[in-house]
Amino acid sequence: MCSIFGMKKPMWSNEFIEGEFSKTDDRGPDATRYIYNEKIALGFKRLSIMGLNERGIQPFFYNDIYVVCNGEIYGFRDIKKEFKDYPFVSESDCEVLLPLYIKYGLDMFKHLDAEFALILYDAKEDKIIAGRDPLGIRPLYYGICKNGEYVFASEPIALLKMVDKVMPFPPGHYFDGERFVCYNDLTNVSDYVSGDIDTKICPTIKSLLVDAVEKRLDSDAPLGFLLSGGLDSSLVCAIAAKKLKKPIKTFAIGMVGDAIDLKYANEVSDYLHTDHKEFYMTKDDVISSLREIIYHLGTFDITTIRASVGMYLLCKKIKEETNVKVLLTGEVSDELFGYKYTDYAPSALEFQAEAQKRVRELHMYDVLRADRCISSNSLEARVPFGDIAFVKYVMSIDPKLKLNTYNKGKYLLRHAFEGDYLPHDILYREKAAFSDAVGHSMVDIIKEYANSYYSDEEFNEKIKKYNYVRPFTKESLLYREIFEEFYPNQAQMIVDFWMPNRNWPGCNVDDPSARVLANYKDSGK
């Protein structure tokens, strides 16, 4: 991960900007560079992943065009071949953004196969441009300064003292200097794909996911893999192991005493012959990390925080004990193929509408969690299930085929990889929510702590001051109060608590965990 900052007509001293931007140092600890003048302030903090020498430091500039980008541009070597006359100065993938802009202008965004957030300044037009990938895998936030200019940064913490209201940059959009323009809505499906699942649908799912993993193995820095033992992370590891033809480095974490997932992660590791490390966390680790995690996340959402505890502590261990700098993860699969609660979808159209909502909001929940847990430990996240071509295809599959009529959730994905990718019991293992699967005791510990922290009277009184997304449990109040301490009056960055669709039969629950659903059954065992 890297960190970027940019605005026109900076209102503040260089020292003030650098002080605020330094709050994102963890994202880019390897080098920092600024460009300042009366018209522009651009900042870049680098985590060296591609083109590791000093020529890869941004901002890149050419003919009065400047760019900073936190991203991975897949296929950048082929793009370079398209611009043989361009004087590239580095081996960095992000340098191709300049010739792409020169040739295509704002249409450049339609030519990117990438996870990215960028800020570009065109001095000839005196225009600042910003853009974000279609799923929001790379973070970008903005606000409007008192002089009317927009300011952009990788994390909201860098903007709090500059603007009154910080908002997430909408995924799949660019800012053209005046307004936000949608260039790619992956949830907008014009024609559904149908056909035989054995000869058409599942082979295409398999081919696209294999391609998505393979392109994310390109790194000049050491690679690792988060392995929970669930379907999604296990598939990513299995594909990578086949492609690399050497032992990959895998990592897992669980609670002392009831680490549900570790036995499955070990089974996958043994099957794939990975170089596997596992770690344990304690009750004290969980409680003592909450403030730090909420600070890095910039959210008060219940399930996002719960699921971040294990992931954050695991990434912290990886940073401390290994040389790995890039981690592949299994996020985005559930939004596409369904959660446990989507088994209750009343119709195919409602399943599709729910998938569209979840994909549009990914950047506030699972994708945010993966980014912050990994980047706050100076590592980079790559998300194969978030591949543009893969998401576009799965979203276009006739939702009748994605409904759980097979007595097994996410059946199409499982069926696509039958064979020698994974042991059958892993491939068809019931889903366990990550915040539960690191150990059921973890969520119980947090709830117990929150319930002892507030009396009933305190809880009923304190929630009254929150008119927007009001806390509804003592746990959610605890998270909200910590959030407000770090991000006062910025709750609008999150649209709501992540919850199952309460309008569906079987989903009117008071907790986001799949454990409370009647169909959870043996999922968490």
Side-chain angles (χ1 to χ4, degrees), residues 1 3-8 67-72 97 101 105-120 127-145 148-160 162-189 297-299 301 304 331-332 335-336 353-372 375 381 383 386-388 391-392 395 468-469 487 490-496 498:
M1 294 299 183
S3 187
I4 60 176
F5 172 89
M7 72 171 299
K8 279 180 60 180
V67 69
V68 288
C69 178
N70 167 28
E72 291 296 330
L97 295 168
Y101 175 73
L106 293 174
D107 281 344
M108 68 178 284
F109 294 103
K110 297 178 182 178
H111 292 263
L112 291 178
D113 178 12
E115 302 163 2
F116 73 92
L118 67 81
I119 307 165
L120 184 148
K127 181 183 292 188
I128 193 165
I129 294 162
R132 193 178 185 189
D133 67 72
L135 291 181
I137 290 173
R138 296 302 171 98
L140 192 61
Y141 291 79
Y142 74 94
I144 303 175
C145 304
E149 296 293 339
Y150 282 72
V151 59
F152 305 92
S154 290
E155 292 189 10
I157 197 70
L159 300 178
L160 292 180
M162 299 183 184
V163 298
D164 292 331
K165 184 178 180 181
V166 180
M167 291 296 292
F169 194 103
H173 286 67
Y174 63 78
F175 177 76
D176 67 1
E178 297 180 354
R179 63 193 179 100
F180 293 92
V181 178
C182 180
Y183 70 88
N184 190 352
D185 179 0
L186 290 175
T187 69
N188 184 14
V189 179
L297 289 175
T299 188
D301 178 60
T304 303
E331 276 74 28
V332 186
E335 289 76 10
L336 299 174
E354 192 72 6
Q356 290 172 321
K357 170 182 167 62
R358 292 305 180 195
V359 169
R360 289 186 184 124
E361 296 179 354
L362 257 169
H363 66 104
M364 289 181 281
Y365 301 114
D366 277 17
V367 162
L368 181 149
R369 166 175 55 82
D371 174 82
R372 300 302 199 284
S375 68
V383 189
D387 184 79
I388 292 173
V391 173
K392 185 175 182 179
M395 286 300 297
Y468 179 79
V469 192
Y487 301 91
Q490 300 298 332
Q492 74 281 341
M493 293 191 299
I494 307 298
V495 69
D496 203 346
W498 191 104

Check: Could you walk me through whether R132 and Y142 pass the side chain to side chain contact (heavy atoms under 4.5 Å, CB included) check?
Finding: CA-CA 12 Å; R132 193 178 185 189; Y142 74 94; over 6 Å; no
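Residues E335 and Y365 have side chains not in contact (no heavy-atom distance under 4.5 Å, counting atoms from C-beta outward). Looking at V151 and F5, their side chains come closer than 4.5 Å, going by heavy atoms from C-beta outward. Side chains of P168 and H363 form a contact here, defined as non-hydrogen atoms less than 4.5 Å apart.
Note: E155 CD to L297 CG = 9.5 Å, rounded to the nearest 0.5 Å. Of the inter-residue distances, the one linking K8 atom NZ with E149 atom CD reads 5.0 Å to the nearest 0.5 angstrom. Note that CZ of F116 is 13.0 Å distant from CD of E72, once rounded to the nearest 0.5 Å.
Between Y150 and F180, the angle of the ring planes goes over 60°, which puts this pair in the perpendicular group of the 30/60° scheme.
Distance alone, capped at 3.5 Å, is enough to place a donor-acceptor pair between the H173 side chain and the P171 backbone. Counting only distance, with no hydrogens or angles, the side chain of Q490 and the backbone of D164 share a donor-acceptor pair below 3.5 Å. Looking only at distances, a side-chain donor or acceptor of Q492 sits under 3.5 Å from a matching main-chain atom of V166. The main-chain N or O of I4 is never found under 3.5 Å from a side-chain atom of N70 such that the two would form a donor-acceptor pair.
Considering L120, I129, I119 as possible partners of V67, the one that fulfils the side-chain contact (heavy atoms from CB on, under 4.5 Å) test is L120.
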